[in-house]
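Order of the sequence lines fixes the chain letters, A, B, ..., with proteins taken first and strands second; residue numbering starts at 1 for each chain. Keep in mind it's a predicted model, so treat the numbers as computed, not measured.
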2 protein chains.
Amino acid sequence: MSTDTREAIMGAARAAVQTSGYTALSFRELAKDVGIKSASVHYHFPTKGDLATALAARYADEAQAYLAELLESQQSHDQLLDTYVAVFRAALERDNRMCLCGMMAAEYDELPDSARVEVERFTAVNTDWLEKVFSSRHPKASAEKRHARALAIFAAIEGAQLVARGRGNIAFFDQIIAAYKDAGLFS
Amino acid sequence: MSTDTREAIMGAARAAVQTSGYTALSFRELAKDVGIKSASVHYHFPTKGDLATALAARYADEAQAYLAELLESQQSHDQLLDTYVAVFRAALERDNRMCLCGMMAAEYDELPDSARVEVERFTAVNTDWLEKVFSSRHPKASAEKRHARALAIFAAIEGAQLVARGRGNIAFFDQIIAAYKDAGLFS
DNA sequence: ACCTGAACACCGTTCAAGT
DNA sequence: ACCTGAACACCGTTCAAGT
C-alpha cells in the first residue's frame, strides 16, 4: 500500500526529529528505515520542508484531539495539569525525546513558513487548552491575565523539558515541575 | 595572525549556532566567512564536535565571569533578575538568536560527550548564580528548595526564549516573563 | 605553524525512465 | 500511482603536499 508508505515515512521521521532534530533528519536514512530509495521519499514529500510541515501539522492535529478529549474527562484542575505534564515527561522517557514543536522552535531558522505556521498552531492549541483549564479555576481573572498565564505555563513546561534533555536526566524535569507548583505557577 | 583566525572561526560559528543550530553549521560556509578553505578549519578544530565543545566551554566561561561581576554590582533582588532576563531578551533581539546552550540542549543527540559536559556546566553556572540571588531574599528556605527554585527559574526563562523564538516575536517573551512575575515565580 | 587541493562517503534535489 | 538510477552541488573528514 502506498498510503502505508507515506505513513511509515512520517512515523520514522517524527521519531528522528524528536530525537535528533529536523536538520539532522536524512532522506536517505529515512528511506532505509522504510525500505525504499531516497528518491521515492521525494514522491511523497517533494522537499524536506514539506515533510516538516506535514509532521508539525499532524502533531498539532493530534494534540488538539487529545486535549479536547482530556477536557471532557471531568478531572480536577490539578489532575488535568498533572496529565498534561505527563505527556511531556513521556517524551523524555522515550530515548530523551523532545516535543516536536519545541525542537522545531529551536530550528526555526531552517523551517519554511508553512512549517512555522504549524508550530504556531501547536502552541495555540496548547495555550487555548491551558487557558480553559486555568479559567475554570480563576473565573474572575481578566482575559489578558488568563491568556498570559496559559502561555507562561506552556513555556515553562517546554523549558523544563529542554533543560532536562540537555542534562540527559529526567529527574531534572520532575524537580523543575515540582518547583513550578511550589512557586504557585500552576495554581 | 593564526590566533585571530581561530577567534574569527569561533565568532562566526557562535553566531551561526545561535541562529541556525549546530547541526546546520557548515565548515565550508564558516571558511568563507573567515576567508580560508574548509580544510583549514579542521586545523584549528579537528572535528565539528571539537568546535561545539570549544564554543560551549567559552560560553560557560563568559557567563561565569559576567554573572560574578553582576553579583558584585549590589543591585536589588528584582534588579538583578531583570538584568539577568535582559541577557536572554537581547539574544532574541539579535536576529531571533537563542541561548547557545539552549540550542545545544535541543541538539543533545548530535553532540559529543565533551560538549554535553560544557552545556551542563553552563546550566550549573546559571543555577548557582540564581540560587545565590534567591537565597539572599529567602535565607530561611531549605537548600533543596532554593536549588530547585533556581533550576526552575532558569528552565522557565529558557522556555520563554524557545517559545518566543518559535513565534518569531519577542513580544511573547515579554508577556511570558511578566506572567512568571505575576505568578510569583521570581519572588 | 598554518594552509591547501583532491579525494572519499555523505546529503537534498531533479529528472528521465521504468512498472 | 509509485518507484528507481544517475547526476548535480552540497556536506564533514582525511591526507599528502605546500609555505
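Applying the 4.0 Å criterion to OP1 and OP2 of dG12(D), one finds that Thr47(B) has every side-chain N and O outside that range. Distances shorter than 4.0 Å separate none of the side-chain N or O atoms of His42(B) from OP1 or OP2 on dT4(C).
The side-chain heavy atoms of Phe154(B) and Tyr84(B), taken from C-beta on, include a pair separated by under 4.5 Å. At least one side-chain heavy atom of Gln161(B) sits less than 4.5 Å from a side-chain heavy atom of Met98(B).
For the pair Ala39(A) and Tyr43(A), both in contact range of DNA chain D, the more 5′-proximal nearest nucleotide belongs to Tyr43(A).
Near DNA chain D, meaning a heavy atom under 4.0 Å from it, residues 16-28 of chain B has Leu25(B), Ser26(B), Phe27(B), Arg28(B) in order of number.
The side chain of Glu29(A) lies closest to dC11(C) when the candidates are dA1(C), dT4(C), dC11(C).
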- Message: Before you tell me yes or no, could you show the steps for His138(A) and Lys145(A) under side-chain contact (heavy atoms from CB on, under 4.5 Å), namely the whole-Å CA-CA distance, both residues' side-chain angles and the distance that decides it to 0.1 Å?
- Response: CA-CA 10 Å; His138(A) 299 277; Lys145(A) 212 132 219 164; over 6 Å; no
So Arg121(B) and Asp128(B), salt bridge (charged side-chain N to carboxylate O under 4.0 Å, His left out) or not? Walk me through it. CA-CA 10 Å; Arg121(B) 191 164 65 84; Asp128(B) 286 354; over 6 Å; no
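For Ala8(A), the side chain to side chain contact (heavy atoms under 4.5 Å, CB included) partners two or more places apart in sequence, or in a different chain, are Val34(A).
Stem analysis of DNA chain D (Watson-Crick or G-U pairs, both distances under 3.5 Å, runs of at least three) returns C:4-8 with D:12-16, C:12-16 with D:4-8.
Atom C1' of nucleotide dC11(C) and atom NZ of Lys48(B) are separated by 12 Å, given to the nearest angstrom. When rounded to the nearest whole Å, the span between CG of Asp50(B) and C1' of dT13(D) equals 12 Å. Rounded to a whole Å, the CG atom of Leu30(A) is 12 Å from the P atom of dT13(C).
A salt bridge links Asp113(B) to Arg116(B): at least one charged side-chain nitrogen sits closer than 4.0 Å to a carboxylate oxygen. Ionic pairing of Asp78(A) and Arg137(A) is present here: one or more N-O contacts between side-chain nitrogen and carboxylate oxygen are shorter than 4.0 angstrom.
A donor atom on one side chain and an acceptor atom on the other are not found under 3.5 Å apart for Asn126(A) and Thr123(A).
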